[in-house]
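Every chain is numbered from 1 and lettered A, B, ... according to where its sequence line falls, protein lines coming before strand lines.
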Protein chains: 2
Amino acid sequence: MISDSTALDSAFLALADPVRRSIIARLSRGPATVNELAEPFEISKQAVSKHIQVLEQAQLVTRTRDAQRRPVHLNPARLEALTAWIDQYRLVREGQFRSLDAMLQSSAGQRGAKAKEQ
Amino acid sequence: MISDSTALDSAFLALADPVRRSIIARLSRGPATVNELAEPFEISKQAVSKHIQVLEQAQLVTRTRDAQRRPVHLNPARLEALTAWIDQYRLVREGQFRSLDAMLQSSAGQRGAKAKEQ
DNA sequence: TCCTTGATCAACCTTTCGGTTGATTAAGGA
DNA sequence: TCCTTAATCAACCGAAAGGTTGATCAAGGA
């Protein structure tokens, strides 16, 4: 599980772009070079290269060396870490939405409890 | 499952900020008002209000009306939709990373296959 | 050696993001 | 009615995102 806040920032930010998500989808079928990854898009190869760097910094992908090629691999562990974070909050407690009025009237609820990210 | 690309954009972007993730974490323990959500942070209430609007537009939270209060609720369904998206690619195919060289040498691999986001 | 291929670096531009402050709206309560 | 509380709107600002073009680097191959 990722606990560093900046790591989560970069990982979620990396997924917040259709080009980068499409690259993830492509890499789930196997590694690919920058040229291969750039081919489906209308933007420049430099732009795709930047997207890959964003994914790499988020540790969602890794790169190896093969002569002048720099093949890109998916890093599934990082994707798992993101689902792990989401799953912390995905299942909310039974009955907590039962009655908003009851909650607001019984004192100030959890007011003052410092929200803390795990 | 979310299939609209802009919906995924806004949802992942919404999670790419420590303040907003902290708000999600807080809301997983029950609904809260803007003032309650703003209390742990050193930024202005207006800034927190903006963060909540980002989460609301991403449909990660919803709001109700209670007199002059606008309590915020978590929308777990949206979080589930995100894990569903990630899970498409989380489990990569057996053996696809076996040998990069083999892949690159056996023709051009999957070159030309249009990457398509589901 | 020279050329080609694969990919990055660098500079620049425009738009969006995250924050601020000040004014305004909306709903009760005295 | 007037005041307080809850929250948003509006205008503005600096930083970062996402794109472009042009130059450069690195590794083979003829």
Close side-chain approach of [X] to [Y], heavy-atom, < 4.5 Å:
X	Y	value
Ile52(A)	Arg63(A)	yes
Asn35(B)	Arg69(B)	no
Leu60(B)	Leu27(B)	no

Which whole-number value in Å describes the distance from [X] [atom1] to [N] [atom2]?
X	N	atom1	atom2	value
Phe41(A)	dG18(D)	CZ	P	14 Å
Glu56(A)	dC9(C)	CD	P	10 Å
Arg70(B)	dC9(D)	CZ	C1'	14 Å
Asp9(B)	dC17(C)	CG	C1'	15 Å
Ile43(A)	dG18(D)	CD1	P	10 Å
Lys50(B)	dT16(C)	NZ	C1'	11 Å
Arg69(B)	dG28(C)	CZ	P	9 Å
Gln53(A)	dA17(D)	CD	P	13 Å

- Using a distance-only test with no angle check, is there a side-chain donor-acceptor pair under 3.5 angstrom linking Arg90(B) and Thr83(B)? no
- Any N/O donor-acceptor pair, Gln68(B) side-chain to dG29(C) base, under 3.5 Å: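 No such pair is found, so the answer is no.
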Of all the nucleotides listed ([options]), which has the minimum atom distance to the side chain of [X]?
X	options	answer
Val34(B)	dG19(D), dA7(D), dG28(D)	dA7(D)
Thr33(B)	dG18(C), dT8(D), dA7(D)	dA7(D)
Arg65(B)	dA27(C), dT21(C), dA23(D)	dA27(C)

- 5' priority, DNA chain D, between Leu13(A) and Lys45(B) [closest heavy atom]: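 Its nearest nucleotide being more 5', the pick is Lys45(B).
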Strictly below 4.0 Å: does [X] bring a side-chain N or O up to OP1 or OP2 of [N]?
X	N	value
Asn35(A)	dT5(C)	no
Ser44(B)	dG19(C)	no
Arg63(B)	dT8(D)	yes
His51(A)	dG19(D)	yes

- Message: Considering every strand and a 4.0 Å limit on heavy-atom distances, what is the contact class for Gln46(A): base, sugar-phosphate, or nothing?
- Response: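 Touches a base.
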- Task: Could you grab the distance from atom NE2 of His51(B) to atom CG of Leu37(B), nearest 0.5 Å is fine?
- Result: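 Answer rounded to 0.5 Å: 11.5 Å.
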